[in-house]
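One structure is given here, and the rest of the page talks about it.
The figures that follow rest on heavy atoms only: side chains count, while hydrogens, waters and symmetry mates do not. By convention in this document, chain letters (A, B, ...) are assigned in the order of the sequence lines, proteins followed by strands, and residues within each chain are numbered from 1.
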Number of protein chains: 2
Amino acid sequence: MAREERAMRTDVETRAGPDDHQSLRLWLRLLACTNLIETQVRQGLKAGYSTTLPRFDLMAQLDRAEEGLKMGELSRRMMVTGGNVTGITDMLEKEQLVVREPDSADRRAYRVRLTREGRRQFRRMAAEHERWVIELMDGLSRRQRDQLVELLGVLKTQLAHRTASPDPSNGKGANQ
Amino acid sequence: MAREERAMRTDVETRAGPDDHQSLRLWLRLLACTNLIETQVRQGLKAGYSTTLPRFDLMAQLDRAEEGLKMGELSRRMMVTGGNVTGITDMLEKEQLVVREPDSADRRAYRVRLTREGRRQFRRMAAEHERWVIELMDGLSRRQRDQLVELLGVLKTQLAHRTASPDPSNGKGANQ
DNA sequence: TATTGTTATACTCTATAACTATA
DNA sequence: TATAGTTATAGAGTATAACAATA
């Protein structure tokens, strides 16, 4: 009988040597924590809802956009190229969790929206997702979590400046 | 002429609402920071070395193992199933960056090692990788980085307990 | 001409499962 | 029987690039 292989990408920090630089250790630790949590979340989404993180992400974007979003807007928000959004939307539409509706102002465009079932399912997922996260984080004190949120906020701001737009002058817009 | 689509997975935090729970905000922020950095690193590895993070990871494991590692050991350390390690190793071997050598003690097994060229290239990559990371982190003060390393250490420890081995009694070992 | 979205293609990473050769 | 590693397969996610319809 076949062996069941099971593996989860989790602790990349094993590749840090003992005398590595502080920033490198920080990065590997950051990555390790993220992978540990992400693995759990992915498995939860798959086991409980047969869905994936990008699908969850797309639905999350729509959940906060009553009037729906155009494909290009989804693409930008998810930071993913247009073709991918088409693919994910196709799947979700086939499962009747989202619909494409014609955009009244631009006949090239659609507005993608959650269906009622889609919204219902997303809310359920999101609530459970939050419970997972809360549980995963509960080894930290409230104060420690606050500190982390704060420090990561600083880091994120710094990173955004460095990474956001390699060439903002290139305002080609949309799907890019 | 075709439009060049470019996208980087970066800021997932856009999916957080204003009144979300603290742990959820922490998680989304963690994910955002990691994605921002990871995107940069991936691009750097691709642009400068035509390689990927998993390949880098495998080479990093080997760099710290003078006598090489068996496939199963690589699999465990990288937290990836055996088939994947075979595939990545195949590619690296074809490029003469690693070699499989017969294991003297077990004729079923190989020891995978970096070639001289592989080690040379890895060291070069690793040095540049570290420079990228240092630069990405340098918006934080030394003290802030220390705090982060510390707090993430706590988090990681907690997570490891929760996630490490779903069933440690199952000592089937190896490729699993 | 430029933009919106789709299609087609290709590649990497991943898991599952069956298979082989040794142990 | 169990383990080491491979092979085969399948699927998701991603990017690139060309395309049709509309602006």
Side-chain angles (χ1 to χ4, degrees), chain A residues 1-10 35 38-39 42-43 45-47 50-58 69-76 78-93 100-103 105-112 170-176, chain B residues 1-10 35 38-39 42-43 45-47 50-58 69-76 78-93 100-103 105-112 170-176:
Chain A
M1 107 211 42
R3 187 185 37 208
E4 251 193 49
E5 293 199 43
R6 203 194 322 183
M8 297 170 289
R9 173 159 206 77
T10 47
N35 282 341
E38 196 169 340
T39 297
R42 274 186 206 284
Q43 289 184 340
L45 288 177
K46 184 174 172 191
S50 302
T51 195
T52 62
L53 221 35
R55 287 169 50 131
F56 181 80
D57 194 6
L58 193 151
L69 291 173
K70 295 200 284 182
M71 299 298 279
E73 286 170 339
L74 276 170
S75 171
R76 256 172 279 128
M78 295 176 68
M79 300 310 239
V80 156
T81 50
N84 298 314
V85 174
T86 297
I88 296 172
T89 303
D90 286 349
M91 291 194 293
L92 293 173
E93 192 167 30
R100 283 176 172 92
E101 292 176 347
D103 184 292
D106 184 342
R107 286 192 304 173
R108 293 171 306 182
Y110 301 106
R111 299 203 82 77
V112 186
N170 167 3
K172 267 191 263 176
N175 255 9
Q176 111 174 237
Chain B
M1 114 205 38
R3 187 184 37 210
E4 251 192 49
E5 292 198 46
R6 203 189 327 178
M8 296 169 289
R9 175 162 203 76
T10 47
N35 282 341
E38 196 169 342
T39 297
R42 272 186 208 283
Q43 289 185 340
L45 288 177
K46 185 174 172 191
S50 303
T51 195
T52 62
L53 222 35
R55 287 169 50 130
F56 181 81
D57 194 6
L58 192 151
L69 291 173
K70 295 201 283 183
M71 299 299 279
E73 287 170 340
L74 275 170
S75 171
R76 255 172 279 127
M78 297 175 65
M79 302 309 240
V80 155
T81 50
N84 299 314
V85 174
T86 297
I88 295 171
T89 302
D90 285 349
M91 292 194 290
L92 292 173
E93 193 167 29
R100 284 174 171 92
E101 292 175 347
D103 184 293
D106 184 342
R107 285 192 303 172
R108 293 170 305 180
Y110 301 106
R111 300 202 83 76
V112 186
N170 167 4
K172 267 190 261 176
N175 254 10
Q176 112 174 235

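- Toward the 5' end of DNA chain C, the nearer of the two residues A:G87 and A:K46, judged by each one's closest nucleotide, is A:G87.
- The CE atom of A:M78 sits 15 Å away from the C1' atom of D:dA15 (whole-angstrom rounding).
- Scored by the side-chain hydrogen bond (donor to acceptor under 3.5 Å, both in side chains) test, A:E38 finds A:R42 as partners (sequence neighbours excluded).
- One interatomic measurement links the two molecules: NZ of A:K70 to C1' of C:dG5, which rounds to 11 Å at whole-angstrom precision.
- Qualifying side-chain hydrogen bond (donor to acceptor under 3.5 Å, both in side chains) partners for B:R55, counting only residues two or more places apart in sequence or in other chains: B:T51, B:E95.
- Taking atom CG on B:L58 and atom P on D:dG5, their separation rounds to 13 Å, with Å as the unit.
- Following rounding to the nearest Å, B:D90 (CG) and C:dC11 (C1') show an atom-to-atom distance of 16 Å.
- How far OG1 of A:T52 is from CG of A:L58: 9.5 Å, rounded to the nearest 0.5 Å.
- The side chain of B:T81 contributes an N or O atom lying less than 4.0 Å from OP1 or OP2 of C:dA15.
- Atoms CE (B:M79) and P (C:dC13) sit 18 Å apart, rounded to a whole Å.
- When all heavy atoms are compared, the tightest approach of B:G82 to B:S75 is N-OG, 3.7 Å.
- Every residue meeting the salt bridge (Lys or Arg N to Asp or Glu O under 4.0 Å) condition with B:R108, not counting sequence neighbours, appears here in chain and number order: B:D106.
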(request) Kindly indicate, with the supporting measurements, whether the criterion side chain to side chain contact (heavy atoms under 4.5 Å, CB included) is fulfilled by A:K70 and A:R76. (result) CA-CA 10 Å; A:K70 295 200 284 182; A:R76 256 172 279 128; over 6 Å; no
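- B:D103 has its CG atom 14 Å from the C1' atom of C:dA21, to the nearest Å.
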Grab the N/O contacts between the protein and nucleotides 11-13 of chain D below 3.5 Å, and write none if there aren't any.
residue : atom : partner : partner atom : Å
D:dG13  : OP1  : A:T52   : OG1          : 2.4

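- Nucleotide C:dT6 holds its C1' atom 13 Å from the CD atom of A:E93, rounded to whole Å.
- Closest approach of B:T39 to B:N35, counting heavy atoms only: OG1-O, 2.7 Å.
- What separates CG of B:L69 from P of D:dG5 is a distance of 10 Å, to the nearest Å.
- Counting any heavy atom pair closer than 4.0 Å across all strands shown, B:R100 reaches sugar-phosphate atoms only and no base atom.
- A pairwise comparison of heavy atoms in B:I88 and B:P54 identifies CD1-CB, 3.9 Å as the closest pair.
- A:R100 pairs by the side-chain contact (heavy atoms from CB on, under 4.5 Å) definition with A:M71, A:T86, A:T89, A:D90, A:E93, A:Y110, A:V112, not counting sequence neighbours.
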Check the interface with nucleotides 21-23 of chain D: list each N/O to N/O pair with the protein under 3.5 Å, or write none.
residue : atom : partner : partner atom : Å
D:dT22  : O2   : A:R108  : NH1          : 3.4
D:dA23  : OP1  : A:R107  : N            : 2.9
D:dA23  : OP2  : A:R107  : NH2          : 3.3

